[in-house]
Number of protein chains: 2
Amino acid sequence: MSTNRSSADIRRVAAEAGVSIATVSRVLNDPKRVSLKTRQRVLEVAERLGYRPNPNGKRLRKGRAETVGLVIPSPPGRFADSFFLELLTGLGEGLAGVGLDLLVATCPPHEDELACYKRLVEGKRVDGLVVARTRLYDTRIAYLLEQGVPFVAHGRSDQIKTPYAYLDVDGRQGFYRATRHLLQLGHREIAFIGAPNEFNFAQHRLEGFQLALAEAGVALRPEWILEGDLSEESGYRLAQLLLGELPPTAILCANDLMAIGVLRALRERGLRPGREVSVIGYDDIPQAQYTDPPLSTVHQPFREAGRRLVEMLLDQLEGKDAGTLQEVWVPELVLRGSDGPPTR
Amino acid sequence: MSTNRSSADIRRVAAEAGVSIATVSRVLNDPKRVSLKTRQRVLEVAERLGYRPNPNGKRLRKGRAETVGLVIPSPPGRFADSFFLELLTGLGEGLAGVGLDLLVATCPPHEDELACYKRLVEGKRVDGLVVARTRLYDTRIAYLLEQGVPFVAHGRSDQIKTPYAYLDVDGRQGFYRATRHLLQLGHREIAFIGAPNEFNFAQHRLEGFQLALAEAGVALRPEWILEGDLSEESGYRLAQLLLGELPPTAILCANDLMAIGVLRALRERGLRPGREVSVIGYDDIPQAQYTDPPLSTVHQPFREAGRRLVEMLLDQLEGKDAGTLQEVWVPELVLRGSDGPPTR
DNA sequence: CTCCTTGATGTAAACGTTTTCCAAACGATA
DNA sequence: TATCGTTTGGAAAACGTTTACATCAAGGAG
């Protein structure tokens with residue numbers, strides 16, 4: 001004899017407990033407002049009936065979606081960056097316990113991305129958003145600021161001056177450290193494979209590299225500063241350009257995927273990564289541990305970031321000023337097998 | 001002079017168009033029900049005011065969540081499997097255009113997973129679910145069947161007899177083909193690193209392997225059938241066991257991550273993958289193209305599967321019988337560089 | 001004793017839709 | 001002209017909450 005499964009209503013609970021629905025609601029949302037005795041009775045009944053407030057009733061009444069959104073851009077043919085999965089996991093972890101849901105939308109190309117944000121915002125489907133992989137001038141951020149929608153960015157957007165909440169990992173520091181490390185090992189011939197300029201982090205990482213070089217008084221060869229598109233393929237292709245007669249003794253890559261492409265190019269030339277040519281990546285994606293040799297890289301704590309982003313968003317939803325929610329984390333250099341002293 | 005931004009209400013549209021709200025609703029949901037003239041007028045006004053029906057009003061009234069759910073299990077320390085990201089992308093693509101949202105929840109360990117499903121369905125947060133990575137007896141599926149919640153499984157659950165909707169990729173065929181390929185190359189000493197038995201696909205993949213061997217009259221060495229946990233680490237560890245005095249000439253792995261671990265173990269022993277020892281994986285995850293050598297594997301079309309899963313779920317939400325929604329796809333063997341004829 | 005404060009509860013009005021009835025208008029048919 | 005389907009549109013009742021406001025009893029201060 002199963003209890004009536006079809007989801008007890010707040011009315012049902014109220015009737016069964018001999019109180020008004022208002023009291024039931026108060027018991028759940030503001031317990032101190034109701035006397036201990038009735039509170040217990042109501043709780044007991046609610047428990048027994050397996051009552052769960054209907055989220056749509058609540059959402060309608062409160063005028064909130066009780067949902068935060070994340071838009072994942074997914075290249076049509078290829079695989080999406082696994083960094084999103086880690087971020088997503090972190091967001092999920094942060095959201096557990098809090099009553100909010102996580103809405104994920106995927107967007108094909110580049111420009112439609114903004115349209116996707118508009119759909120979520122104008123359709124009132126989310127109370128707030130997480131914006132990932134920020135650009136130098138990020139139209140998504142501009143839009144959200146204009147609309148006054150709470151959001152928090154993973155990464156900054158340097159050309160946007162209005163204050164907004166962000167959590168960034170300091171790419172300048174990251175690559176400054178990586179470069180210093182290479183310099184200390186004795187490298188003087190270091191090449192750089194950067195990211196497309198539209199991304200906000202591209203310039204930062206380059207600057208870290210340049211700064212370390214300048215401090216050490218090491219000349220910067222313009223022809224050794226290249227720009228890839230963050231794919232393995234582009235790392236592979238650009239490395240081939242680099243590996244002429246007198247190749248650099250080290251290559252810094254703005255992300256791990258490109259570094260993986262570089263490793264492949266090196267192997268094909270019979271150059272051992274970490275011996276003839278050192279390679280350092282950025283991100284510390286999972287597969288970085290399983291390349292040959294394991295990739296030295298700059299570690300980004302994506303999952304922790306996801307958790308923190310949720311906290312920051314929550315703060316905003318409770319009215320905290322976005323301008324006060326700005327953090328920059330310093331990443332760590334993790335050395336595995338793809339770097340070593342130069343052999344010439 | 002911006003138009004009044006704060007989201008036009010259906011009342012507002014009705015007033016402006018000089019009709020009742022009922023008519024506005026009809027124009028949007030059942031256009032034929034209203035005369036051409038007023039329909040056009042209403043549409044024009046709605047357009048001008050940028051009217052978007054409030055999803056919460058609609059959801060409450062219709063008693064539906066207009067949302068489908070996906071639960072991603074995420075190992076506490078490590079990275080989640082990137083297969084989920086691809087599936088997610090496919091789901092997102094399938095959902096675009098349809099009015100449904102995608103809710104993603106992440107769950108830490110093993111048992112709590114069911115609790116997570118319960119939270120979503122008992123809290124009426126979703127109309128339907130996608131269940132991924134099915135188990136031999138999948139408690140999630142049993143639960144959803146019992147509750148009568150629409151869902152569609154990616155993979156089957158062989159020990160559940162009640163009919164339900166699924167889309168599976170035939171692991172038996174996949175590994176039958178892979179094994180036949182190795183046999184044709186001349187291999188006779190083939191080891192197998194399987195998946196934990198709880199997963200439904202584990203048995204299938206093993207059977208494909210066994211069948212091909214039996215057909216060819218090749219003896220099966222029990223000590224060469226191992227069980228990993230799907231991680232690179234476990235592939236690495238188990239491969240070390242295998243690489244004793246007289247190692248197998250080929251190793252079949254139930255997923256790519258373990259195969260990547262195997263590649264590493266081989267390198268450390270100075271054995272060239274595809275030469276001294278052939279390796280074939282399963283899944284065709286992105287990084288399979290960038291291992292050294294590129295990994296031969298069995299391709300699973302995750303993204304297409306995601307799209308199809310959405311269609312199947314939609315069919316169910318429209319009342320179609322789940323028992324008629326069952327598909328098994330046959331995967332393709334993709335040969336890259338990690339297989340070759342045996343060298344002894 | 002009266003008056004005022006406090007605490008605990010109930011009443012009823014939202015929140016923004018969809019949908020069930022009805023009623024009016026309109027042709028067409030007899 | 002009276003009758004009758006058929007469009008067309010409006011009025012109003014949900015859907016399940018939260019919350020402003022009112023009520024009422026109890027208790028303390030004067």
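Because only heavy atoms are used, hydrogens play no part in the values below, and waters and symmetry mates are left out as well, while side chains stay in. By convention in this document, chain letters (A, B, ...) are assigned in the order of the sequence lines, proteins followed by strands, and residues within each chain are numbered from 1.
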**CG on B:Leu100 to CG on B:Leu91, rounded to 0.5 Å** = 11.5 Å
Under 4.0 Å, counting only non-hydrogen atoms across every strand here, what does [X] touch: a base, just sugar-phosphate, or nothing?
| X | result |
| --- | --- |
| A:Asn29 | sugar-phosphate |
| A:Arg52 | sugar-phosphate |
| B:Ser25 | base |

**Message:** Show the nearest heavy-atom pair for residues B:Ala105 and B:Leu120, with the distance to one decimal.
**Reply:**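 Distance-wise, the nearest heavy atoms are CB-CD1, 4.5 Å.
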**Request:** Flag the pair A:Glu16 and A:Arg11 as a salt bridge only when some basic side-chain nitrogen lies within less than 4.0 angstrom of an acidic carboxylate oxygen.
**Result:**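 Salt bridge between A:Glu16 and A:Arg11, a charged N being under 4.0 Å from a carboxylate O: no.
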**Prompt:** Do A:Glu44 and A:Arg39 sit within salt-bridge range, that is, some charged N less than 4.0 Å from a carboxylate O?
**Reply:** no
**Item:** Test side-chain contact (heavy atoms from CB on, under 4.5 Å) applied to B:Leu129 and B:Leu144, step by step
**Value:** CA-CA 9 Å; B:Leu129 285 151; B:Leu144 294 173; 3.6 Å; yes
Roughly how many Å is it from [atom1] in [X] to [atom2] in [N], rounded to a whole number?
| X | N | atom1 | atom2 | answer |
| --- | --- | --- | --- | --- |
| B:Lys32 | D:dT6 | NZ | P | 17 Å |
| B:Arg59 | D:dT17 | CZ | P | 16 Å |
| A:Asp30 | D:dT17 | CG | P | 17 Å |

**Asked** With a 3.5 Å cut-off and no angle check, do the side chains of A:Asn29 and A:Ser25 form a donor-acceptor pair?
**Response**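 Yes, side-chain donor-acceptor contact under 3.5 Å.
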**Item:** Nucleotide interval of DNA chain C bounded by contacts with chain A (heavy-atom cut-off, under 4.0 Å)
**Value:**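 Endpoints of the contacted stretch of DNA chain C: C:dA8 to C:dG16.
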**Prompt:** Judged by atom type as modelled, is there a donor-acceptor pair below 3.5 Å linking the side chain of A:Asp127 to the main-chain atoms of A:Val68?
**Reply:** no
**Message:** Below 30° counts as parallel, above 60° as perpendicular, anything between as tilted: where do the rings of A:Phe83 and A:Phe302 land?
**Reply:** tilted
**Message:** Quick check on DNA chain C: between B:Leu60 and B:Thr23, whose nearest nucleotide comes earlier from the 5' end?
**Reply:** B:Leu60
**Asked** Pick the nucleotide of DNA chain D nearest each of A:Arg61 and B:Ser35; which residue has the one closer to the 5' end?
**Response**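 Nearest-nucleotide comparison on DNA chain D picks B:Ser35.
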**Request:** Any pair with a residue in residues 49-70 of chain A that passes salt bridge (Lys or Arg N to Asp or Glu O under 4.0 Å), sequence neighbours left out, goes on the list, sorted by first then second residue, please.
**Result:** A:Arg52-B:Glu122, A:Arg59-A:Asp101
Report, one pair per line, the protein and nucleotides 20-25 of chain D atoms (nitrogen or oxygen only) whose separation is under 3.5 Å.
none

